[in-house]
Amino acid sequence: MLRKKESKVMYRNILLTTIMTIVITLLVSSTILYVNFDNIALKQVYASDSDSLQQTSTRIQSITGTAASLSFQIYRDFVISKLLFYDKPDIFDIQGSMAQLNNYRLAMPFIDSIYVYNGASKLFYVSSNNFQSGIQTREQLGDPGMVEILDHFQAYTPFIPIPRTFNTAADQPSLPPQPVGIYSYLCYDAINLENSLNSAIIVNISESFFNKTLQNQPNSRSSNEFIINKEGTLLSTNGSDAIATRYAEKSYIQRILANAGSPGYLVADVDSVKSLISYTAPDPLGWRYIRVTPYAVITEKITSMRTKTIYISLSILLAGLLMSLFTSKRLYDPIDKVIRSLKLLENERRDNQQILRQNFLRNMLTGRDVYHPAALQKKLSYFGSSIDIANPAILLMVKIDRFEETRAAYNDQITLMRYAMMNIGWEVFSPSFHTEAIDMEEDHILLLLSAKEQELCLENIAFTSLLEQLRTSIADYIKLSVSLTISPLQQDAQDCFDLYHQLLEASYHRLFRGHGCMIHSDEILAYQDKEYQFPTQKEKQLVERLMTGDSAGAEAVYSEIIQETAVYPYSVVHLAISHLTLTVNNVLTTMNRNNAVSMPLYLNTSIASLSRIETIAEVDNQFFQVFRQLEQKLDEKKNSKHLELIKKMNDIIERDYANPNLSLQSIADELSMSPVYISRLYKQNTLVPLTDYIQDVRLSKSKELLLQTNLSVADIAEKTGFTSDSYFYRLFKKYHSITPNDFRKKFTPQSALLTNLMDGGIALQKGMEKQ
């Protein structure tokens, strides 16, 4: 009995001890978590906001740097310098300079407008998205704020953005102009005795572009992000507040300005809403980036987590109480849980090991990490790799063809497709090599193939047949076409880690070799020694064929230029296509300016980057489409001019048929054209010689006079332009098989209507024959 009682006491003590331990642990941990949740969340949100704001600052500094560089580049541009320094440049210089100015503006999407100011002529040359481009005086310029800035240019530092508001016309004429924010970059020359402004370049960036940069950041939907300067003035639109709004009076802004040189965060009321305010240190422009996040948004998940923690704690407490009742009796359940947990941890470790292995190999290939040979071999062994860095090896790149189509078709499964390619590569090459497959993300993987012995003879293992087997297996099992790029055989596997960028450069030559190709990087490397010179003579031929609407000839010349770059480095191809893009667009600009075509046609300049283009046929199609559209529009323009010219000739004949001097030569003189040309043009379009038509009109008029008047045949011949009545007599009888007098006798006045109908029928029949 005593022993049984002692056992009960011991069991009770163990039970109470277990229960108290669980309760105290839960209370202490819950209290600590409850107290620290807010601080942890605020620090996490601030850390996220700080990174996001820093990224925003970097992007905007990059944009402002680009704009400042652009303004200086424009200022030094020889073509545009004529607008800056010539009092009265001729119209051709103006047109060329304005086209160049438009090219600068269109080359960068964030440029709103560019002004070129000539201090001597007091004229602005404007290229803009928002108002009328062209030449404007100081009074006509739709941007009076800029006139004020130039009048006080000494107060502004060149190449530093000037935030200001700018009025643009509303969508409806009845509405007042709409103010928008704009950032202006000023580049000027004021070296003279009077210290007045000689010339200036102004590059304007729309504040809406900065707003997009701010709004495209993570959590921007629930947060409000804006920029201030060191005086507390708003530099970006914030709700209903426009640029240049004074924020220095706001209490939270004053606290930020007081912390002049450091980033940080604070919790304060913003528009009567408790908020977390994160801010950066001043950037090189003196700008500070601020993000305001409502405190309720931050604590929403925290409150939910607190509630869940309480419920979980109560659940754990209840479960602990129940488990404590059986602690002394049933030990298998916790032991089993421990075993299961160990197995789960082992699986997680194995998965994590694979991720670490891939990251290690990827960093080695891209050059992010560098190891001593002994350390590299040790690291490979740690990850379970069989690669021996002292043995010969080859690096093989497997690139997915038509990658954008594949990614659109498989969406989230593209990672699994690359994993499948890695498995196929391992299965194909592992019998002959120690194989490592590395996922390089995006559109390609790498296979590091190391020899199993010190000596490696590729012929003995039929390496080419293995490459074909790899490509065929990928096509059969996962329905993908791939291109292969093979490195030269390296005596040490360690050297293969330095070949990735060489293989990547070589793989770009799929552009000419097409999908499913095999590229040996040493062949492409030999191209680096070749010096390329752009064929300017062929470029002139291309321009001539485009100007004449010869699309077939233009395509042939273009193809010759492009195909010549196939045996040069990829950078040469890129530059050649960029050059041709600019050349074709300049031709199209010239033809549109000269009204040679009825609507603008332009090549999309994004093709020059070749960012998503895999084969040269994709580039060719875009060029050829523009060539053929240009030919079609020139043909339409030419046909329209021909019809208008024929109508003018017919009008002259109807007007002057009674003039005996009316002839092919007189019509050509009046039109200031060659008689041979207008004769051939008229015959080609009407199928009737021009001189025959003149005789037809005169004979038709003579028949009307014979039937409707009592004039003599001689008088009628004179009134219808015939030089003699005898010639009129012979010609009339030749065409109508009857003399003029007999014609008058045969057809009474009442038959005049019938005669007109007959003439109309003959004309209709001729028209149908022409068709």
Side-chain angles (χ1 to χ4, degrees), residues 216-219 221 343-366 368 383-385 387 395-431 433-449 466-487 500-501 503-511 513-519 606-607 609-615 617-618 621:
N216 287 337
Q217 301 306 313
N219 303 322
R221 293 184 179 178
K343 289 182 178 180
L344 180 61
L345 289 173
E346 179 64 22
N347 291 334
E348 290 178 352
R349 189 192 72 82
R350 187 163 55 249
D351 293 340
N352 189 52
Q353 187 86 344
Q354 178 64 17
I355 294 173
L356 293 175
R357 178 178 180 172
Q358 285 289 308
N359 287 337
F360 161 71
L361 292 171
R362 191 183 301 117
N363 290 338
M364 285 294 300
L365 288 163
T366 55
R368 296 191 186 102
F383 284 117
S385 175
I387 297 290
L395 190 62
L396 172 63
M397 177 180 289
V398 184
K399 180 172 281 191
I400 300 173
D401 295 331
R402 304 177 185 88
F403 178 68
E404 292 301 328
E405 298 177 15
T406 303
R407 179 158 56 183
Y410 292 100
N411 199 8
D412 296 335
Q413 298 179 354
I414 194 66
T415 301
L416 295 177
M417 304 300 289
R418 291 196 301 268
Y419 186 76
M421 290 166 55
M422 293 164 61
N423 285 338
I424 293 172
W426 189 88
E427 291 178 4
V428 170
F429 290 103
S430 59
F433 299 91
H434 292 305
T435 305
E436 278 292 341
I438 306 100
D439 183 2
M440 301 304 293
E441 302 176 343
E442 289 299 321
D443 65 341
H444 64 280
I445 66 168
L446 289 177
L447 296 174
L448 178 58
L449 311 176
L466 290 178
L467 294 175
E468 287 292 346
Q469 182 183 347
L470 171 66
R471 193 165 56 181
T472 304
S473 298
I474 292 174
D476 291 342
Y477 290 111
I478 56 178
K479 310 302 180 186
L480 290 181
S481 170
V482 294
S483 299
L484 307 179
T485 307
I486 307 102
S487 77
Y500 170 68
H501 294 290
L503 255 66
L504 189 61
E505 171 75 11
S507 69
Y508 292 147
H509 281 260
R510 176 181 59 179
L511 192 71
R513 305 195 180 189
H515 294 138
C517 63
M518 286 189 189
I519 302 173
S606 65
I607 65 171
S609 67
L610 302 178
S611 57
R612 295 189 177 182
I613 293 175
E614 296 184 2
T615 62
E618 299 173 51
N621 289 338

Under a 4.5 Å cut-off applied to non-hydrogen side-chain atoms, are [X] and [Y] in contact?
X	Y	result
T366	Y500	yes
E436	R357	yes
L467	L396	yes
V428	L447	no
L484	V398	yes
F383	L361	no
L504	M440	no

Rounded to the nearest 0.5 Å, how far does [atom2] of [Y] lie from [atom1] of [X]?
X	Y	atom1	atom2	result
L470	W426	CG	CH2	14.5 Å
Q469	D476	CD	CG	10.5 Å
M417	D443	CE	CG	13.5 Å
Y508	I519	OH	CD1	11.5 Å
N359	D439	CG	CG	10.0 Å
F403	H515	CZ	NE2	12.5 Å

Discussion item. Test side-chain contact (heavy atoms from CB on, under 4.5 Å) on Y419 and T415; report intermediate values, then the result.
Written reply: CA-CA 6 Å; Y419 186 76; T415 301; 5.7 Å; no
Fill in: From CA spacing to verdict: side-chain contact (heavy atoms from CB on, under 4.5 Å), L446, M397
CA-CA 5 Å; L446 289 177; M397 177 180 289; 3.6 Å; yes
For [X], salt bridge (Lys or Arg N to Asp or Glu O under 4.0 Å) partners two or more places apart:
X	answer
D401	R510
R471	E468
E442	R407

Taking all atoms of both residues into account, what is the closest heavy-atom pair of [X] and [Y], and its distance?
X	Y	value
G425	T435	O-CG2, 4.4 Å
S473	I424	CB-CG2, 3.7 Å
I387	L448	CD1-O, 4.1 Å

Fill in: Residue from S507, S483, S481 passing side-chain hydrogen bond (donor to acceptor under 3.5 Å, both in side chains) with K399
S507
Worksheet entry | E618 and T615: side chain donor to acceptor below 3.5 Å | yes
Item to complete: Decide side-chain contact (heavy atoms from CB on, under 4.5 Å) for I355 and Q358; before the verdict, give the C-alpha distance in whole Å, the side-chain angles of both, and the deciding distance to 0.1 Å.
Response: CA-CA 5 Å; I355 294 173; Q358 285 289 308; 5.9 Å; no
